[in-house]
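One structure is given here, and the rest of the page talks about it.
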There are 2 protein chains.
Amino acid sequence: MTENLDATDWAILVELQQDGRLPLTELGRRVSLSASAATERVKRLESAGVIAGYRAQVDLGRVGYAVLAVIRLKYPGSKHEPLHRLLERRTEILECLRTTGDDCYTLKVAASSMSHLEQIADELSAFGSTNTNLVYSEPLPYRGPQTPPRS
Amino acid sequence: MTENLDATDWAILVELQQDGRLPLTELGRRVSLSASAATERVKRLESAGVIAGYRAQVDLGRVGYAVLAVIRLKYPGSKHEPLHRLLERRTEILECLRTTGDDCYTLKVAASSMSHLEQIADELSAFGSTNTNLVYSEPLPYRGPQTPPRS
DNA sequence: CGCCCGCGCCGTGGATCTGCCGGTACTTTG
DNA sequence: CAAAGTACCGGCAGATCCACGGCGCGGGCG
């Protein structure tokens, strides 16, 4: 299941995680490969599923979502479909992790205002008890894995 | 600070969040614009900071990170620099949110095994008490904002 | 009203990049 | 040793990107 990646593959992953639109010819230059060799590597990584896709990253604040929050949801019972339907419908919910522990779900939610956030929290409360924390800032700019696991 | 976006801008954002490498000519087709008009829109969104960048998304499991965890860190005091240095050094820490509430920081951490995770949790414990939850699954495939805020 | 100006969209052409092919060197396998 | 496999390179045809000038529309102003 896990692929065998050499140092060049990792260099490619680091570059493409920093700039997903990097032209393949420039990518080849940075990892000391010809454009066609770099292309073959990238295509192999894509079709092996190592590279799952490419995403534009949009600035939440600049599109009107001023509030970011982490909501933990304690979800009793095992009927998950209604919640999944809410996840589909409510695009303000950006991320959903199902975790161990008392709080079965951890959600990342964007809202335009506190009252907007309140609405979403109310909808979630229908499923179980919620625990909301506002996000002050993100000290770490987003990144993915940069090196092979060391231990 | 927040930009004025019309329906076409939002359509562009949705497309580029789904596929960041979409050729501009195909993007124009999908949002009913000529290639050059679509290009101008995208460049405007980029230079306004609405589009913060493009990222390749890599599959953590396939590159050897079998374990994903959310670690909440209760951080007494106000000396944040040492923690920020750890964030830089430890590339296993993928995301860091500073939040309200008892748990000042919420971290997303990838590890290759439980013992690897244990090492990282130990390092974090030097800063305060930690609370770790393993991630079973991500019911929601990653997405960014899809529509203008509604309320 | 008539004019000018700015804005957004469009089409074009040259530079660049992509995708595909054949060829080479090295390694693995029978 | 020969055959097959792997990874790389160079080169070419076609697609894409990008900067430019032109067009149409609406607002401001004498």
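Naming convention: chains lettered A, B, ... in sequence-line order (proteins, then strands); numbering from 1 in each chain.
Side-chain N/O atoms of A:E46 and A:Y54 include a donor and acceptor closer than 3.5 Å.
In this view, B:N131 and B:R72, B:N133 satisfy the side-chain contact (heavy atoms from CB on, under 4.5 Å) rule, not counting sequence neighbours. Applying the salt bridge (Lys or Arg N to Asp or Glu O under 4.0 Å) criterion to A:E118, with sequence neighbours excluded, gives no partner residue. Residues forming a side chain to side chain donor-acceptor pair (under 3.5 Å) with B:R85 (at least two apart in sequence, or on another chain): none.
By the neighbour-count criterion of 12 heavy atoms within 6.0 Å, atom CG of A:N4 is sparsely surrounded, having that number or fewer from other residues, nucleotides or ligands.
Less than 4.0 Å separates DNA chain C from at least one heavy atom of each of the following residues of residues 12-32 of chain A: A:P23, A:L24, A:T25. Scanning residues 33-49 of chain B for heavy-atom distances under 4.0 Å to DNA chain C yields B:L33, B:S34, B:S36, B:A37, B:E40, B:R41.
Listed by first and then second residue, the ring-ring contact (aromatic ring centres under 6.0 Å, His included) pairs that reach into residues 81-107 of chain A are A:Y75-A:Y105, A:H80-A:Y105, sequence neighbours excluded.
Salt bridge annotation for B:R98-A:E138: absent, with no cationic side-chain nitrogen under 4.0 angstrom from a carboxylate oxygen.
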